[in-house]
Colleague: 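Structure below; questions to follow.
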Amino acid sequence: MSGQLPYSEKVMDHFTNPRNVGEISDASGIGTVGNPICGDVMKMFLKIENNIIIDIKFKTYGCGAAVATSSMVTEMVKGKTIEEALKISNKAVAEALGGLPPVKMHCSVLAEEALRSALKDYYTKQGKPIPFEDKGHTHENEKCL
Ligand code: FES
């Protein structure tokens, strides 16, 4: 293989200078998801107060698109209510990044899953039912590479 994938400037920006990297020691919810095929792993930490995501951090061991989408998701959900955060789809994240090459769309799914997994953990820790559908690991029309 030669050449680089045609990443947008925003993807390159978030990949080389990711926002909100790290951990939250007293997180309200933590989610870890992985893609068993490529081996990439994403861990997301949420701090929630009064139904608002007041802080979010992530650690991603993965490809450039996975790092960039995690970074963008954290920027998009910070300060939002849980309901607003759940409405942010992987497609919206990819669009906010100026698009992703089709072969990399599945990496944005990982970011959405990590967020949902952290929210599930939050509700579980609160002893509350999870008020959204568990979409599980979806790939839409992309193959898991
Ligand atoms: Fe595995 Fe991008 S998340 S290749």
Side-chain angles (χ1 to χ4, degrees), residues 1-48 51-126 130-145:
M1 281 286 283
S2 66
Q4 285 195 319
L5 282 166
Y7 282 140
S8 72
E9 262 178 46
K10 273 197 183 155
V11 172
M12 288 312 293
D13 176 30
H14 278 264
F15 172 50
T16 51
N17 179 28
R19 289 29 157 206
N20 303 306
V21 173
E23 298 185 12
I24 299 175
S25 55
D26 59 342
S28 318
I30 301 173
T32 306
V33 293
N35 181 330
I37 312 284
C38 66
D40 291 349
V41 178
M42 196 177 288
K43 193 165 183 182
M44 213 164 259
F45 303 78
L46 300 177
K47 183 82 186 153
I48 297 170
N51 203 44
I52 293 172
I53 298 169
I54 58 164
D55 200 9
I56 176 164
K57 296 240 187 295
F58 80 94
K59 283 189 160 176
T60 292
Y61 303 94
C63 71
V67 172
T69 50
S70 322
S71 168
M72 182 52 95
V73 163
T74 62
E75 289 221 307
M76 289 171 85
V77 306
K78 205 170 187 175
K80 298 254 174 22
T81 64
I82 294 175
E83 291 72 25
E84 287 168 337
L86 283 167
K87 285 195 197 121
I88 297 170
S89 66
N90 71 304
K91 287 206 179 82
V93 177
E95 271 166 31
L97 283 167
L100 283 171
V103 74
K104 287 282 162 187
M105 272 308 282
H106 74 282
C107 314
S108 65
V109 175
L110 210 57
E112 186 185 327
E113 284 176 4
L115 175 64
R116 284 179 165 257
S117 168
L119 285 171
K120 271 203 310 198
D121 183 47
Y122 165 70
Y123 281 110
T124 306
K125 281 188 175 131
Q126 302 272 310
I130 294 154
F132 55 87
E133 198 192 335
D134 185 4
K135 290 206 278 182
H137 189 62
T138 59
H139 289 284
E140 301 182 354
N141 48 13
E142 302 301 332
K143 274 205 299 183
C144 190
L145 297 176

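Side-chain atoms are counted along with the backbone in the values below, which use heavy atoms only and exclude waters and symmetry mates. Counting starts at 1 for both ligands and their atoms, following the listed order.
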Colleague: Going by heavy-atom distance to atom 4 (S) of ligand 1, choose the closest among Lys104, Met105, Met42.
Modeller: Lys104
Colleague: Taking the side chain from Lys47 and the backbone from Asp26, do they hold a donor-acceptor pair closer than 3.5 Å?
Modeller: yes
Colleague: About how large, to 10 degrees, is the angle SG of Cys107, then atom 2 (Fe) of ligand 1, then SG of Cys63?
Modeller: 100°
Colleague: If you count the atoms of ligand 1 from 1 in the order shown, which ones are under 4.0 Å from a heavy atom of His106?
Modeller: 1 (Fe), 2 (Fe), 4 (S)
Colleague: If hydrogens are left out, which of Cys38, Gly64, Ala66 has an atom nearest to atom 1 (Fe) of ligand 1, that is, the closest non-hydrogen atom?
Modeller: Cys38
Colleague: So, taking the atom named CD1 in Ile30 and the one named NZ in Lys43, what distance separates them when rounded to the nearest 0.5 Å?
Modeller: 6.0 Å
Colleague: Taking side-chain hydrogen bond (donor to acceptor under 3.5 Å, both in side chains) as the test, write out the residues that go with Glu95, two or more places apart.
Modeller: none
Colleague: Using side-chain contact (heavy atoms from CB on, under 4.5 Å) as the criterion, list what pairs up with Ala114, not counting sequence neighbours.
Modeller: Val33, Met42, Met44
Colleague: State the atom name: nearest N, O or S atom of Asp40 to atom 1 (Fe) of ligand 1.
Modeller: OD2
Colleague: Supply the atom-to-atom distance Thr124 OG1 to Ile130 CD1, rounded to the nearest 0.5 angstrom.
Modeller: 4.0 Å
